[in-house]
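Letters A, B, ... are given to chains in the order of the sequence lines, protein chains preceding strands, and every chain is numbered from 1.
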Amino acid sequence: MEEDFPIDDTYRPQSIEPRWQARWQAAGIGEVDLGGARRPYYNLMMFPYPSAEGLHVGNVFAFTGADIHGRLRTMQGYDVFEPMGFDAFGIHSENTAIKQGIHPKKLVAANTRNFRRQLERLGGRFAWSHTLDSTDPAYYRWTQWIFLKLFQAGLAYRKQAPVNWCPSCRTVLADEQVISGHCERCDSMVEQRSLEQWFFRITAYADRLLDHLPDMDWSEVIKTAQTNWIGRSTGASLTFAVEAPAVGQIEVFTTRPDTLYGATFLTLAPSHPLALAIATADYRPAVLAYIEQAAQTPSAEADGERAKTGVRTGAFARHPLTGEALPILVADYVLGGYGTGAVMGVPGHDQRDFAFAQAMGLPIRRVISPSAEEDSPLAEAFTAESGVLVHSGPYSGLSVAEGKAAIIARAEQDAFGTAKTTYHLRDWLISRQRYWGPPIPIVYCDHCGAVGVAESDLPVLLPETDDYVPQGTGASPLASIPAFVNTSCPRCQGPARRETDVSDNFLCSSWYFLRYPSHPDVTDRPYDQTLIDKWLPVDSYIGGKEHAVLHLLYTRFICMALSDLGLLPFEEPFLRFRAHGTITFQGGKMSKSRGNVVTPDDLFDRYGADTTRLYLMFLGPYQEGGDYSERNIEGIWRFLQRVHRLVAQSTNGPRACAAPHLADLHRVVKRVTEDLETLKYNTAIAALMEYNNLLRQREDAISHQELATFTLLLAPLAPHLAEELWQALGGAFSVHEQPFPTYDPAQLVEATATIVVQVDGRVRERLTVPAGTSQAEVRRQALELEAVQRHLADAEVARVVFVPDRLLNIVRED
RNA sequence: GCCGAAGUGGCGGAACGGCAGACGCGCCGCACUCAAAAUGCGGUGGGCAUUGCCCGUGUGGGUUCGAAUCCCACCUUCGGCACCA
């Protein structure tokens, strides 16, 4: 079946790339026998949102790096599953659809086709028979099923709460989708609205999500981001009795119970339920005005730090240890949504409390000092955690750590408080008041309340409508489709109404990789357990860091929850995650609004996919990314031309590599292997360039072994050209199914060594000696060198430092 | 403010504590050409210079025979979080 492929004189990617792509497709190169694989290796990359603009260089960069990894593992003998799909639900698709006046369904179909065409041109080793589209009812049926499972387990719940509302997208957003008070999608300032919404109880998993991190083989940058986002802080919950005029209690959270003696006031968030209730008649109007004003201005969270404002309530709380009356104030620097929405004001040892105390004329007291002797007045808050307690009654003299423990113990004994842990992480807001998403599978019945749709009735199909523009009323477009809304209760069969919100797009992407192996053959379950056992958790996941606290955290949560429900045999879905870098353009973000999105078709047309792949990988370290500029592409183009020419002109050499060249050959195998395995694609390419330069400048004939090895090393990076060269070298189809070259460390040993000779640490001369020459011998030769004698002058030799086969440093006496 | 990453030629970037600047771009020179492009060959951190020498990895200290690399302090840039008690 082998066709004869006489190699062209010149490298013409435009003709060889489509030819090999067709051949690979016909041979099913990317497909793997999922059931029968002996060494399964799941090579995952983040499935893209198929935008109207098509694949951009950032996608190409990401996928190329992951594809190289998959190809390497394949050649190393693994059965690599490398699926690709489309994350096509969500606001992004919908906004484009609204803008262009094309129904999202049509738009997505066209965009997906275009993406697939581009991905095929790129030459990825994708298992297309398992591709999926999150907007396909056969997929989102199971997205809804996951919602139901969480609902049944009490992990999905509905509550009225202040939520982030994006006025431009006309929907609520999860905390993770709000970046410094702005919508991550459209950058609009986010407002607070009080709405009844669906949440996932991710906070119940906060400790587990956090505690697994240290042992996970993930890029540190992601682990740090998740650690910070979960934001666990330990301290105490303390209760203060409100004395007058009302009677009640205020619970505060503090990480510094040791500073309790320094509390001189209490502060409530404007949204605190007691804020108005405790105010005395005199202060009530001012408190009310402050609360109303705070409700209108963007929340403190949206605004960042600003001048402290607040009002007194006229009410006082009793200090649990000193009995002192502490004024209670309301101020917007205290966040309603964190801790208990109330803090004890310790101005001496908290910057914010200090600023607030100054603004409001409240007393500032030192209760922690660097040492027991030091007791100067405070010009600023002393926030160090090292020091001793002072002016703290019986606790004076204790260290901060001792003080914390002692005061918590006292609080527990006297029943005014207890040790407590709080988190920055909040529950995941799932509802979206939009059209283009999977409908939340819940029905509201007057008798039975919120009832899950029967599993047998899934999917709840997204109704066809041309009226999909969000209203901004807080209701989804689905609410105005009576045929969708009106239904019967799954439990009592009485009249009922459907939930009209759809779920967050991040739910779609939280489980897609569980589905890939089963899709599309398994239709009666979300995934087949045998395939899950065989293929998951994912061996390698490569993706962008922008999803550190979105997709990557949500996904871990969903898998943990499914694991607890006995639906998955593991808690952590990704054994290894590597964050690739970001491709910028002229130093800035590449975005449609800046009009600087570069699409790959142009590069494919001019240079071909292989040059594009290598060029992007050569831009800089893969995990750091780089700035896109076409300056360097000519260098890659020339390199591939030279490689092509070298092989085309050297097919008649000897079979085996001559002995003197073996060390070079083994060295390049070692370098490329190590660099590819650690995703250092830029230096792997440099090593191949060096070797290519070495071969083409060599006087004696180049062997088949050298060319074949080089071609195999090149294969993961430039799959089309490698296939072409492999063919020209008489190799059997396909180069991508050959074993990756291995090296023999014994062959790396050089016969001679170049020793750097230094005098006082400065290089003065070089010596070539047989490898393994002794220090005494190297020293003897070195001392005879003219340059050494000149620099040594008449000085005595104080000592000699010798690194075998590398360096000799002669140190002079002072 | 906090967390993270990083500062190296004209540019992108290489360098287990041991020859700084691999590899590539750009530039200069040469060859080929009527000419250009393409291609090939050579050169290319700065300074002084006759062999040679000095200075150089953001800044200032330190450790070391020896530091781009390790330690301390600082500056700058990028990314993330940001009144989280």
Atom [atom1], compared across [N] and [M]: separation rounded to whole Å:
| N | M | atom1 | answer |
| --- | --- | --- | --- |
| B:A68 | B:G62 | P | 15 Å |
| B:C25 | B:G9 | C1' | 13 Å |
| B:C23 | B:A15 | C1' | 12 Å |
| B:G26 | B:C75 | P | 39 Å |
| B:G1 | B:C65 | P | 40 Å |
| B:U77 | B:U63 | P | 31 Å |
| B:A22 | B:U44 | P | 10 Å |
| B:A6 | B:C55 | P | 30 Å |

(request) Among A:Y11, A:F639, A:F710, find the one that has a ring pair (Phe, Tyr, Trp, His ring centres under 6.0 Å) with A:H644. (result) A:Y11
(request) Let me know the distance between CD1 of A:I755 and C1' of B:G66, rounded to the nearest Å. (result) 16 Å
(request) Whole angstrom is fine here: how far is it from CD1 in A:I633 over to P in B:G24? (result) 16 Å
Is it true that [X] and [Y] make a salt bridge, defined as a side-chain N closer than 4.0 Å to a carboxylate O?
| X | Y | answer |
| --- | --- | --- |
| A:R232 | A:D207 | yes |
| A:K670 | A:D675 | no |
| A:R671 | A:E690 | yes |
| A:R762 | A:D760 | no |

(message) Quick check: do A:L260 and A:H319 have side-chain heavy atoms less than 4.5 Å from each other?
(response) yes
(message) From C-beta outward on A:R645, which listed nucleotide comes closest to its side chain: B:G42, B:U39, B:C65?
(response) B:U39
(request) Give the nucleotide from the list B:C53, B:G24, B:U39 with an atom nearest to the side chain of A:N693. (result) B:G24
With the criterion being N/O to N/O and under 3.5 Å, what pairs connect the protein with nucleotides 54-56 of chain B, and how long is each?
unit_1 : atom_1 : unit_2 : atom_2 : d
B:C54  : OP1    : A:R764 : NH2    : 3.4
B:C54  : OP2    : A:R764 : NH1    : 3.2
B:C55  : OP2    : A:R762 : NH2    : 2.5

(request) Select base, sugar-phosphate, or nothing to describe what A:V343 touches, counting heavy atoms under 4.0 Å on all strands. (result) base
(message) Base, sugar-phosphate or nothing for A:R232? Non-hydrogen atoms, less than 4.0 Å.
(response) nothing
(request) Determine, for nucleotides 13-22 of chain B in 5'-to-3' order, which nucleotides have protein heavy atoms under 4.0 Å from the base (write B), from only the sugar-phosphate (write S), or from neither (write -). (result) SS-B-BB--B
(message) Give me the stems containing RNA chain B, sorted by first residue, counting only three or more consecutive Watson-Crick or G-U pairs with both distances under 3.5 Å; say none if there aren't any.
(response) B:1-7 with B:75-81, B:10-12 with B:23-25, B:26-31 with B:39-44, B:45-48 with B:52-55, B:58-62 with B:70-74
(message) Return whichever of A:A342 or A:M689 has its heavy-atom-nearest nucleotide of RNA chain B closer to the 5' end.
(response) A:M689
(request) Specify the residue among A:K545 and A:G341 whose closest nucleotide of RNA chain B lies further upstream toward the 5′ end. (result) A:K545
(request) For B:G9, measure the glycosidic angle (O4'-C1'-N9-C4 for a purine, O4'-C1'-N1-C2 for a pyrimidine) and name it syn if it falls within 90° of 0, otherwise anti. (result) syn
